[in-house]
Amino acid sequence: MELKSGLTLSETRTRLRSAGQEHLLHFYAELDPHAQRALIEQIATIELERLPRLIDQYVRHKQPFTLPTRLEPAPYYARDARSWNRDQYRAKGEELLRAGKIAAFTVAGGQGTRLGFDGPKGTYFGTAVTRKPLFRCLAEWILSAHHRFQKTIPWYIMTSPLNHAETVAFFQHHAYFGLSERDVMFFSQGVLPSLDLKTGNLLLSEKGMVATNPDGHGGSLRALWTSGAIDDMKRRGVEHLSYVQIDNPLARVIDPVFIGLHAAAPDSSAEMSSKMVAKSDPAEKVGVFCRADAKTQVIEYSDLPREKMEERDPSGNLRFNAGSIAIHMISVDFVSRLNAGGELSLPLHRAEKKVPFVDPATGNTVQPTAPNAVKLEAFVFDALPLCRSSIVYETDRIDEFAPIKNADGNDSPATCRDIQTERAARWLEARGVLVPRSAVGKPECTIEISPLTAWDAQDLSRLTLPPAIPPNSELTL
Ligand code: UTP
């Protein structure tokens with residue numbers, strides 16, 4: 001029978017046999033014709049020819065990371081802006097926004113396994129008082145940018161094949177959060193097969209389905225291209241993307257100063273730029289912006305040797321201090337250039353995960369209690385060294401970084417709510433409002449400020465504010 005991929009069962013079997021993966025057809029005869037076809041189609045999308053190299057590099061041998069020699073901290077545009085003109089870059093960013101050259105881009109294809117939430121993470125509640133979903137937090141920022149600059153800000157959202165339909169349905173259900181349906185574009189990222197931790201073999205997640213995982217946020221740089229999103233941007237005249245992740249409701253989804261620096265700073269090639277925050281302590285688990293061979297790059301915390309982590313400058317500050325918060329500006333031309341030469345391939349990173357699988361011996365689904373598989377992912381920041389030059393801009397942690405990663409502890413919904421309240425409290429205090437605080441300085445109230453109301457303390461000057469917030473109260477602005 002001719003299938004969509006053009007491959008027959010026997011051709012598929014031959015391909016699998018030469019890759020040592022014939023077990024994927026173990027239950028083929030038990031499947032109904034529809035499921036048989038789906039399995040053949042899925043296998044056709046897997047680059048089996050690449051497998052032996054992947055298994056060798058990431059399963060048999062855990063390829064060691066080679067730290068570049070002569071590693072220096074990356075320079076950055078400091079928050080105090082003493083050596084650069086913030087207003088000049090804000091004006092440049094605003095000009096690009098008014099000219100319709102900026103789109104928002106959100107990666108939302110992750111699996112949120114650490115959070116343990118069953119569903120697209122963007123549907124998880126993000127705000128401190130009204131529990132707005134994370135998608136709404138970002139949508140409100142985009143809507144308010146639209147009002148401010150009197151220009152549509154198209155929003156591109158990357159999903160994965162595992163959460164695409166649910167994500168689109170969520171937006172439909174919520175009437176696109178007030179945005180125009182025409183200006184919100186969804187596209188799905190690619191997947192990679194999960195590999196058995198011991199053998200490197202592919203696993204079946206069901207009798208008729210190979211276990212796969214989304215190919216990482218770095219997969220976005222290819223998916224933007226293959227999905228036609230870049231063509232859509234070119235048609236609309238969009239030149240730069242403001243990249244944020246779905247799990248940080250504090251992210252300034254549209255930031256004129258950052259846009260201006262990316263587009264016009266003398267040392268920026270306007271290809272890909274990044275935001276950083278000063279690390280909270282040497283061991284904080286964030287990647288660090290470094291410079292090697294005149295290129296900016298992020299070194300993951302697990303790859304930065306301890307002595308470098310702890311190195312201090314003569315004033316006592318950490319030298320490798322620029323923590324990555326996964327906020328970037330990326331130009332449409334850069335993504336086009338990366339893809340124009342054929343298939344873009346960023347380095348892959350391995351993680352050991354618990355992946356449920358069908359035991360070929362029994363046909364039963366096994367729920368592993370310990371990691372049994374290697375998941376491979378590309379990271380978006382690995383594109384930084386591919387830029388001609390790339391700049392880093394410092395932002396304030398409380399102002400912009402409260403990711404929801406874990407169910408509790410660090411980077412959890414609870415810490416995110418606390419940071420949101422702290423940011424709002426600072427803005428209100430800057431306007432003379434008395435905010436109740438505990439002996440250790442923690443606000444004794446919960447405050448939520450929508451980006452439709454304010455982007456900073458200054459915006460609050462347009463409102464009539466109460467002189468004081470009652471202790472233990474909740475306030476929404
Ligand atoms: P994380 O690296 O925190 O991964 O994603 P995650 O999948 O959300 O969570 P865990 O690791 O399973 O607990 C950071 C951002 O990158 C997106 C996520 O949706 C989040 O916005 N992402 C991650 C993708 O879009 N695709 C991926 O394949 C991985």
Side-chain angles (χ1 to χ4, degrees), residues 104-124 126 133-139 141 155-164 166-168 170 185-194 211-224 226-227 229 241-251 253 274-275 285-287 298 300-302 323-328 330 335 344 346-356 371 373-383 400-413 415-416:
F105 175 37
T106 304
V107 287
Q111 293 174 294
T113 41
R114 284 168 290 170
L115 183 61
F117 175 64
D118 193 18
K121 224 195 218 182
T123 64
Y124 189 77
L134 289 163
F135 278 129
R136 181 181 284 280
C137 300
L138 273 51
W141 195 288
W155 189 12
Y156 297 86
I157 298 173
M158 185 177 82
T159 60
S160 84
L162 309 176
N163 69 13
H164 185 86
E166 214 180 322
T167 301
V168 176
F170 192 74
M185 271 69 58
F186 303 91
F187 62 92
S188 194
Q189 67 181 112
V191 293
L192 286 169
S194 311
T212 59
N213 59 264
D215 60 0
H217 40 69
S220 62
L221 295 172
R222 186 160 174 226
L224 277 165
T226 53
S227 65
L241 297 176
S242 179
Y243 169 105
V244 297
Q245 302 190 335
I246 191 55
D247 52 14
N248 179 15
L250 254 61
V253 183
S274 313
K275 272 191 185 172
K285 292 183 170 177
V286 288
V298 171
E300 281 196 88
Y301 65 87
S302 47
S324 170
I325 53 169
I327 299 182
H328 301 280
I330 304 173
V335 181
L344 163 69
L346 293 177
L348 293 172
H349 299 252
R350 84 191 283 285
E352 296 183 5
K353 297 275 175 186
K354 288 182 242 172
V355 174
V374 170
K375 168 173 158 179
L376 298 173
E377 289 186 321
F379 291 167
V380 76
F381 55 70
D382 281 326
E400 215 170 333
F401 188 48
I404 297 177
K405 299 283 185 195
N406 306 307
D408 38 42
N410 285 343
D411 297 338
S412 63
T415 57
C416 181

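Both counts, for ligands and for their atoms, begin at 1 and track the order of listing. What you see below is based on every heavy atom in this structure, not just the backbone, and it leaves out hydrogens, waters and symmetry mates. As the structure is a computational prediction, the values presented were derived from the model and not from experiment.
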Where is the nearest protein heavy atom to [atom]: which residue, which atom, and how far?
{"atom": "atom 7 (O) of ligand 1", "result": "Q111 N, 2.7 Å"}
{"atom": "atom 5 (O) of ligand 1", "result": "K405 NZ, 4.0 Å"}
{"atom": "atom 12 (O) of ligand 1", "result": "T113 OG1, 2.5 Å"}
{"atom": "atom 2 (O) of ligand 1", "result": "R114 NH2, 4.0 Å"}
{"atom": "atom 28 (O) of ligand 1", "result": "G216 N, 2.8 Å"}
{"atom": "atom 16 (O) of ligand 1", "result": "H217 CD2, 3.4 Å"}
{"atom": "atom 26 (N) of ligand 1", "result": "Q189 OE1, 2.7 Å"}
{"atom": "atom 21 (O) of ligand 1", "result": "V107 O, 2.8 Å"}

So, do [X] and [Y] sit near enough that their side-chain heavy atoms are less than 4.5 Å apart?
{"X": "L162", "Y": "P214", "answer": "yes"}
{"X": "L115", "Y": "P413", "answer": "yes"}
{"X": "L138", "Y": "I246", "answer": "yes"}
{"X": "S274", "Y": "S324", "answer": "no"}
{"X": "N213", "Y": "V355", "answer": "no"}

Check ligand 1 against M158 and write out every atom of the ligand that is under 4.0 Å from a heavy-atom position of the residue. 25 (O)

With heavy-atom distances below 4.0 Å as the criterion, list the atoms of ligand 1 near Q245. 14 (C), 15 (C), 16 (O), 21 (O)

Where on P214 is there a heavy atom closer than 4.0 Å to ligand 1, on the side chain, on the backbone, on both, or on neither? both

Run through Y156, Y243, F186 and flag the one making a ring-ring contact (aromatic ring centres under 6.0 Å, His included) with F105. Y243

Winner among G110, G109, G112 once heavy atoms are compared against atom 9 (O) of ligand 1: G112

Just to verify, what does E166 make a salt bridge (charged side-chain N to carboxylate O under 4.0 Å, His left out) with, not counting sequence neighbours? none

Would you please say whether a donor-acceptor pair under 3.5 Å links the side chains of K375 and Q111? yes

Output all residues satisfying side chain to side chain donor-acceptor pair (under 3.5 Å) with W141, sequence neighbours left out; order by chain, then residue number. none

Looking at ligand 1, does S160 have a heavy atom less than 4.0 Å from it? no

